[in-house]
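Inspection log for the structure reproduced underneath, given as C-alpha coordinates.
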Amino acid sequence: MPDAVSVADVSKMLPAFGRMQVTNEALYQALLRHWSPQQLQACSSDDLIGAVRALTWLAKAQPGLPEKPLRVERLLANLGYGKRQECALMLKRRRVVYADSGKPAKVGEKALAGQLLLDGEPLDPAPPLAILLHKPTGYVVTSPEDENVTDPKIYDLLPFRFGRRRPFLSAIGRLDKETSGLLMLTDDGKLLHSIQSPVQGIWKLYTATLAAPLTGKEAAAAVRRFGSGTMQLVGDRSPLLPAGLRMLDDVTAEVAICEGRYHQAVLALVADCN
(Lines give C-alpha, C1' and ligand atoms only; values in the text may rest on other atoms or scores of the structure.)
Protein backbone atom coordinates (compact mmCIF):
# COMPACT_ATOMS: atom_id res chain seq x y z
CA MET A 1 0.00 0.00 0.00
CA PRO A 2 1.49 3.40 -0.96
CA ASP A 3 2.17 5.90 1.79
CA ALA A 4 -0.74 8.06 2.88
CA VAL A 5 -0.76 11.57 1.43
CA SER A 6 -1.81 14.95 2.74
CA VAL A 7 -3.90 17.57 0.98
CA ALA A 8 -0.72 19.52 0.21
CA ASP A 9 0.70 16.51 -1.65
CA VAL A 10 -2.06 16.82 -4.25
CA SER A 11 -0.23 19.80 -5.78
CA LYS A 12 2.73 17.55 -6.58
CA MET A 13 0.47 15.16 -8.51
CA LEU A 14 -1.38 17.75 -10.56
CA PRO A 15 1.37 18.52 -13.11
CA ALA A 16 1.10 14.91 -14.34
CA PHE A 17 -2.35 15.65 -15.73
CA GLY A 18 -1.33 18.06 -18.47
CA ARG A 19 -4.66 18.08 -20.31
CA MET A 20 -6.72 19.14 -17.32
CA GLN A 21 -8.59 22.36 -18.04
CA VAL A 22 -9.49 23.29 -14.49
CA THR A 23 -7.46 25.21 -11.93
CA ASN A 24 -5.64 23.64 -9.01
CA GLU A 25 -7.93 25.51 -6.64
CA ALA A 26 -10.98 24.00 -8.35
CA LEU A 27 -9.55 20.53 -7.82
CA TYR A 28 -8.85 21.21 -4.16
CA GLN A 29 -12.39 22.42 -3.62
CA ALA A 30 -13.85 19.47 -5.54
CA LEU A 31 -11.88 17.04 -3.40
CA LEU A 32 -12.89 18.73 -0.18
CA ARG A 33 -16.57 18.66 -1.19
CA HIS A 34 -16.40 14.87 -1.29
CA TRP A 35 -13.84 14.03 1.40
CA SER A 36 -12.73 15.60 4.63
CA PRO A 37 -9.04 16.50 5.13
CA GLN A 38 -8.79 13.51 7.49
CA GLN A 39 -10.12 11.16 4.79
CA LEU A 40 -7.70 12.58 2.25
CA GLN A 41 -4.78 12.04 4.61
CA ALA A 42 -5.79 8.38 5.02
CA CYS A 43 -6.20 7.90 1.26
CA SER A 44 -3.56 6.01 -0.70
CA SER A 45 -1.81 7.97 -3.43
CA ASP A 46 -3.20 5.65 -6.15
CA ASP A 47 -6.80 6.20 -5.02
CA LEU A 48 -6.27 9.94 -4.66
CA ILE A 49 -4.85 10.24 -8.18
CA GLY A 50 -7.84 8.26 -9.49
CA ALA A 51 -10.24 10.52 -7.62
CA VAL A 52 -8.58 13.66 -9.00
CA ARG A 53 -8.85 12.30 -12.54
CA ALA A 54 -12.49 11.32 -12.09
CA LEU A 55 -13.45 14.69 -10.65
CA THR A 56 -11.64 16.44 -13.49
CA TRP A 57 -13.55 14.45 -16.10
CA LEU A 58 -16.77 15.35 -14.31
CA ALA A 59 -15.82 19.04 -14.32
CA LYS A 60 -15.04 18.97 -18.05
CA ALA A 61 -18.10 16.93 -19.08
CA GLN A 62 -20.99 18.74 -20.69
CA PRO A 63 -23.82 19.32 -18.20
CA GLY A 64 -26.84 17.09 -18.68
CA LEU A 65 -30.33 18.25 -19.51
CA PRO A 66 -32.21 19.90 -16.62
CA GLU A 67 -34.38 17.60 -14.56
CA LYS A 68 -38.04 17.55 -15.56
CA PRO A 69 -40.93 16.97 -13.13
CA LEU A 70 -42.30 13.43 -13.38
CA ARG A 71 -45.36 11.66 -12.00
CA VAL A 72 -44.25 10.79 -8.49
CA GLU A 73 -44.85 7.04 -8.81
CA ARG A 74 -42.82 6.98 -12.04
CA LEU A 75 -40.04 9.07 -10.45
CA LEU A 76 -39.77 6.65 -7.53
CA ALA A 77 -39.70 3.66 -9.88
CA ASN A 78 -36.97 5.26 -12.03
CA LEU A 79 -34.88 5.80 -8.90
CA GLY A 80 -35.17 2.09 -8.06
CA TYR A 81 -37.48 2.28 -5.05
CA GLY A 82 -39.83 -0.34 -6.50
CA LYS A 83 -42.06 -1.21 -9.41
CA ARG A 84 -44.58 1.41 -10.50
CA GLN A 85 -47.42 -0.33 -8.64
CA GLU A 86 -45.31 -0.66 -5.48
CA CYS A 87 -44.44 3.03 -5.61
CA ALA A 88 -48.10 3.97 -6.07
CA LEU A 89 -48.86 1.98 -2.92
CA MET A 90 -46.19 3.99 -1.04
CA LEU A 91 -48.05 7.14 -2.01
CA LYS A 92 -51.42 5.76 -0.90
CA ARG A 93 -49.86 4.89 2.45
CA ARG A 94 -48.67 8.52 2.78
CA ARG A 95 -45.02 7.52 3.00
CA VAL A 96 -44.00 10.21 0.47
CA VAL A 97 -44.39 13.87 1.40
CA TYR A 98 -43.27 17.24 0.06
CA ALA A 99 -40.18 18.45 1.91
CA ASP A 100 -41.30 22.07 2.19
CA SER A 101 -44.85 21.54 3.44
CA GLY A 102 -45.03 17.98 4.75
CA LYS A 103 -48.10 17.46 2.58
CA PRO A 104 -48.46 13.86 1.31
CA ALA A 105 -47.79 13.42 -2.40
CA LYS A 106 -50.53 11.80 -4.45
CA VAL A 107 -50.55 9.41 -7.39
CA GLY A 108 -50.41 11.34 -10.64
CA GLU A 109 -48.86 14.50 -9.21
CA LYS A 110 -45.62 15.68 -10.82
CA ALA A 111 -42.54 16.61 -8.82
CA LEU A 112 -38.74 16.73 -8.79
CA ALA A 113 -36.65 14.32 -6.71
CA GLY A 114 -35.34 17.13 -4.51
CA GLN A 115 -38.87 18.16 -3.53
CA LEU A 116 -39.81 14.85 -1.88
CA LEU A 117 -39.11 12.83 1.24
CA LEU A 118 -39.67 9.08 1.55
CA ASP A 119 -40.16 7.93 5.14
CA GLY A 120 -38.63 11.22 6.22
CA GLU A 121 -35.47 10.83 4.10
CA PRO A 122 -34.53 12.75 0.92
CA LEU A 123 -34.72 10.80 -2.32
CA ASP A 124 -31.56 9.80 -4.17
CA PRO A 125 -30.41 12.31 -6.82
CA ALA A 126 -32.13 12.12 -10.19
CA PRO A 127 -30.08 11.53 -13.36
CA PRO A 128 -27.46 12.43 -14.36
CA LEU A 129 -25.65 10.72 -11.48
CA ALA A 130 -22.02 9.66 -11.12
CA ILE A 131 -20.67 7.52 -8.28
CA LEU A 132 -17.04 6.92 -7.35
CA LEU A 133 -16.66 3.43 -5.88
CA HIS A 134 -13.59 1.62 -4.58
CA LYS A 135 -13.99 -1.99 -5.72
CA PRO A 136 -12.48 -4.50 -3.31
CA THR A 137 -11.23 -7.87 -4.50
CA GLY A 138 -13.80 -10.65 -4.77
CA TYR A 139 -16.45 -8.60 -6.59
CA VAL A 140 -17.38 -8.85 -10.28
CA VAL A 141 -18.11 -5.90 -12.57
CA THR A 142 -21.31 -7.03 -14.27
CA SER A 143 -25.00 -6.17 -14.44
CA PRO A 144 -26.95 -6.74 -11.20
CA GLU A 145 -29.45 -8.72 -13.32
CA ASP A 146 -26.80 -11.12 -14.72
CA GLU A 147 -28.12 -14.48 -13.45
CA ASN A 148 -25.16 -16.39 -14.93
CA VAL A 149 -22.81 -14.86 -12.37
CA THR A 150 -23.02 -16.19 -8.81
CA ASP A 151 -20.08 -14.18 -7.43
CA PRO A 152 -20.77 -10.96 -5.52
CA LYS A 153 -21.31 -8.01 -7.85
CA ILE A 154 -20.18 -4.42 -7.39
CA TYR A 155 -23.83 -3.40 -7.05
CA ASP A 156 -23.97 -5.46 -3.84
CA LEU A 157 -21.77 -2.72 -2.33
CA LEU A 158 -24.51 -0.13 -2.95
CA PRO A 159 -28.09 0.20 -1.70
CA PHE A 160 -30.25 -2.38 -3.50
CA ARG A 161 -32.26 0.29 -5.31
CA PHE A 162 -29.16 1.58 -7.12
CA GLY A 163 -29.11 -1.57 -9.22
CA ARG A 164 -32.74 -0.97 -10.26
CA ARG A 165 -32.39 2.66 -11.38
CA ARG A 166 -33.42 3.67 -14.88
CA PRO A 167 -31.47 4.86 -16.76
CA PHE A 168 -29.10 2.13 -15.63
CA LEU A 169 -25.93 2.95 -13.68
CA SER A 170 -23.16 1.59 -15.92
CA ALA A 171 -19.61 0.95 -14.76
CA ILE A 172 -16.98 2.84 -16.72
CA GLY A 173 -14.34 0.23 -17.50
CA ARG A 174 -13.92 -3.15 -15.88
CA LEU A 175 -11.77 -4.60 -13.13
CA ASP A 176 -11.23 -8.34 -12.75
CA LYS A 177 -12.66 -10.17 -9.76
CA GLU A 178 -9.30 -10.26 -7.97
CA THR A 179 -8.43 -6.66 -8.86
CA SER A 180 -9.22 -3.72 -6.59
CA GLY A 181 -9.36 -0.05 -7.50
CA LEU A 182 -11.42 3.00 -8.30
CA LEU A 183 -14.52 2.62 -10.49
CA MET A 184 -17.00 5.20 -11.71
CA LEU A 185 -20.66 4.34 -12.26
CA THR A 186 -22.91 6.71 -14.15
CA ASP A 187 -26.22 6.98 -16.00
CA ASP A 188 -24.90 9.95 -18.01
CA GLY A 189 -24.40 8.70 -21.56
CA LYS A 190 -22.27 11.68 -22.61
CA LEU A 191 -19.95 11.28 -19.64
CA LEU A 192 -19.74 7.52 -20.22
CA HIS A 193 -18.72 8.04 -23.85
CA SER A 194 -16.28 10.85 -23.05
CA ILE A 195 -14.31 8.58 -20.72
CA GLN A 196 -14.77 5.09 -22.14
CA SER A 197 -14.52 5.60 -25.90
CA PRO A 198 -11.06 4.56 -27.20
CA VAL A 199 -10.93 7.64 -29.46
CA GLN A 200 -10.77 9.85 -26.36
CA GLY A 201 -7.32 8.45 -25.53
CA ILE A 202 -7.84 8.51 -21.76
CA TRP A 203 -5.14 6.58 -19.91
CA LYS A 204 -5.86 3.97 -17.24
CA LEU A 205 -3.30 3.17 -14.57
CA TYR A 206 -2.86 -0.29 -13.01
CA THR A 207 -0.47 -1.63 -10.40
CA ALA A 208 0.38 -5.35 -10.59
CA THR A 209 2.50 -7.78 -8.60
CA LEU A 210 4.54 -10.20 -10.73
CA ALA A 211 4.89 -13.89 -9.94
CA ALA A 212 8.70 -13.67 -10.09
CA PRO A 213 11.17 -10.77 -9.91
CA LEU A 214 12.72 -9.21 -13.04
CA THR A 215 16.37 -8.38 -13.43
CA GLY A 216 17.34 -4.87 -14.44
CA LYS A 217 17.92 -5.94 -18.07
CA GLU A 218 14.61 -7.82 -18.23
CA ALA A 219 12.73 -4.83 -16.83
CA ALA A 220 14.37 -2.42 -19.30
CA ALA A 221 13.54 -4.73 -22.22
CA ALA A 222 9.91 -5.04 -21.06
CA VAL A 223 9.57 -1.25 -20.82
CA ARG A 224 10.80 -0.90 -24.40
CA ARG A 225 8.42 -3.57 -25.72
CA PHE A 226 5.41 -2.05 -23.96
CA GLY A 227 6.13 1.32 -25.52
CA SER A 228 6.94 -0.02 -28.99
CA GLY A 229 3.39 -0.39 -30.31
CA THR A 230 4.31 -3.83 -31.71
CA MET A 231 3.13 -6.11 -28.88
CA GLN A 232 0.32 -8.40 -29.99
CA LEU A 233 -1.80 -10.61 -27.75
CA VAL A 234 -2.59 -14.20 -28.73
CA GLY A 235 -5.77 -14.25 -30.81
CA ASP A 236 -5.68 -10.53 -31.64
CA ARG A 237 -5.31 -9.38 -35.26
CA SER A 238 -3.65 -6.06 -34.52
CA PRO A 239 -0.86 -4.96 -32.17
CA LEU A 240 -1.52 -3.03 -29.00
CA LEU A 241 -1.13 0.71 -28.95
CA PRO A 242 2.04 1.95 -27.21
CA ALA A 243 1.64 1.55 -23.45
CA GLY A 244 3.57 2.60 -20.40
CA LEU A 245 5.39 0.26 -18.04
CA ARG A 246 7.28 1.37 -14.94
CA MET A 247 8.86 -1.01 -12.46
CA LEU A 248 8.34 0.21 -8.89
CA ASP A 249 10.55 -2.61 -7.62
CA ASP A 250 11.63 -6.00 -9.00
CA VAL A 251 8.14 -7.53 -8.59
CA THR A 252 5.78 -4.53 -8.72
CA ALA A 253 4.86 -2.96 -12.06
CA GLU A 254 2.80 0.10 -12.94
CA VAL A 255 1.03 -0.24 -16.31
CA ALA A 256 -0.62 2.64 -18.21
CA ILE A 257 -2.87 1.86 -21.20
CA CYS A 258 -5.16 4.01 -23.35
CA GLU A 259 -7.28 1.24 -24.88
CA GLY A 260 -9.51 -1.34 -23.24
CA ARG A 261 -9.05 -4.77 -24.75
CA TYR A 262 -10.23 -7.77 -22.76
CA HIS A 263 -7.87 -8.38 -19.80
CA GLN A 264 -5.29 -6.29 -21.65
CA ALA A 265 -3.09 -5.26 -18.73
CA VAL A 266 -2.95 -8.78 -17.25
CA LEU A 267 -2.40 -10.58 -20.57
CA ALA A 268 0.30 -8.15 -21.65
CA LEU A 269 2.20 -8.67 -18.40
CA VAL A 270 1.83 -12.45 -18.62
CA ALA A 271 3.03 -12.46 -22.22
CA ASP A 272 5.99 -10.18 -21.64
CA CYS A 273 7.00 -10.72 -18.01
CA ASN A 274 5.56 -13.64 -16.03
Side-chain angles (χ1 to χ4, degrees), residues 26 28-40 51 54-55 57-136 139 141-147 152-172 182-195:
Y28 285 128
Q29 296 305 318
L31 285 167
L32 292 174
R33 279 199 301 271
H34 292 78
W35 297 280
S36 68
Q38 293 77 17
Q39 289 173 316
L40 287 175
L55 289 170
W57 291 329
L58 285 171
K60 292 169 63 177
Q62 294 295 322
L65 295 174
E67 182 187 356
K68 294 182 179 180
L70 294 176
R71 291 170 64 99
V72 177
E73 64 274 19
R74 179 184 173 188
L75 173 63
L76 292 170
N78 287 354
L79 295 178
Y81 287 96
K83 297 179 180 179
R84 191 84 63 93
Q85 298 86 342
E86 294 171 337
C87 295
L89 186 59
M90 294 179 189
L91 294 170
K92 293 177 180 178
R93 292 178 175 174
R94 304 167 69 90
R95 294 175 57 189
V96 183
V97 302
Y98 290 96
D100 57 351
S101 65
K103 178 183 175 182
K106 297 180 180 180
V107 174
E109 292 180 342
K110 291 187 176 182
L112 302 174
Q115 297 175 324
L116 301 171
L117 301 176
L118 172 60
D119 295 334
E121 297 291 333
L123 299 185
D124 297 327
L129 174 67
I131 297 174
L132 297 179
L133 173 70
H134 179 84
K135 185 189 98 62
Y139 287 81
V141 182
T142 188
S143 165
E145 298 172 353
D146 189 343
E147 297 179 353
K153 304 177 181 69
I154 56 170
Y155 297 91
D156 296 335
L157 300 167
L158 300 170
F160 179 71
R161 61 185 179 273
F162 276 57
R164 302 168 68 184
R165 286 177 62 106
R166 295 296 181 271
F168 180 66
L169 281 171
S170 300
I172 298 178
L182 189 72
L183 280 177
M184 182 186 290
L185 292 87
T186 185
D187 52 20
D188 186 332
K190 288 184 178 180
L191 177 62
L192 184 70
H193 177 75
S194 70
I195 298 175

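- Atom CG of Leu192 sits about 10.0 Å away from atom CG of Asp187, to the nearest 0.5 Å.
- Contact check for Pro104 versus Val96: no side-chain heavy atoms found under the 4.5 Å cut-off.
- Taken from CD1 in Ile154 to OG in Ser143, the straight-line distance is 9.5 Å, to the nearest 0.5 Å.
- Between the CG atom of Leu183 and the NE2 atom of His134 there is a distance of 9.5 Å, given to the nearest 0.5 Å.
- By the side chain to side chain donor-acceptor pair (under 3.5 Å) test, Arg166 pairs with Glu145, sequence neighbours left out.
- A search for salt bridge (Lys or Arg N to Asp or Glu O under 4.0 Å) contacts involving Asp100 returns nothing, not counting sequence neighbours.
- Taking CG of Leu91 as the start and CZ of Arg71 as the end, the distance is 10.0 Å to the nearest 0.5 Å.
- Sorted by first and then second residue, the side chain to side chain donor-acceptor pair (under 3.5 Å) pairs involving residues 101-117 (not counting sequence neighbours) are Tyr98-Glu109.
- Looking at every heavy atom in both residues, Val141 comes nearest to Ala171 through CG1-CB, 3.7 Å.
- The distance from the CD1 atom of Ile172 to the CG atom of Leu182 is 10.5 Å, given to the nearest 0.5 Å.
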Hey, can you pull the donor-acceptor pairs under 3.5 Å for the side chains in residues 75-88, sequence neighbours left out?
{"residue": "Tyr81", "atom": "OH", "partner": "Asp124", "partner atom": "N", "Å": "3.1"}
{"residue": "Tyr81", "atom": "OH", "partner": "Asp124", "partner atom": "OD2", "Å": "3.4"}
{"residue": "Glu86", "atom": "OE1", "partner": "Lys83", "partner atom": "N", "Å": "2.7"}

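- A search for side-chain contact (heavy atoms from CB on, under 4.5 Å) contacts involving Leu89 returns Arg93, not counting sequence neighbours.
- Here the closest heavy-atom approach between residue Leu157 and residue Pro136 is recorded as CD1-CD, 3.5 Å.
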Trace of the side chain to side chain contact (heavy atoms under 4.5 Å, CB included) decision for Phe162 with Leu185: CA-CA 10 Å; Phe162 276 57; Leu185 292 87; over 6 Å; no
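- Looking at every heavy atom in both residues, Ala130 comes nearest to Leu191 through CB-CD2, 4.2 Å.
- For the side chain to side chain donor-acceptor pair (under 3.5 Å) test, no residue two or more places apart in sequence or in another chain qualifies with Ser170.
- In this structure, CG in Leu129 is found 9.5 Å from CG in Asp188, a value given to the nearest 0.5 Å.
- By the side chain to side chain donor-acceptor pair (under 3.5 Å) test, Arg95 pairs with Asp119, sequence neighbours left out.
- Evaluation of the ring-ring contact (aromatic ring centres under 6.0 Å, His included) rule for Phe168 yields Tyr155 as partners, not counting sequence neighbours.
- Pro152 pairs by the side-chain contact (heavy atoms from CB on, under 4.5 Å) definition with Tyr139, Asp156, not counting sequence neighbours.
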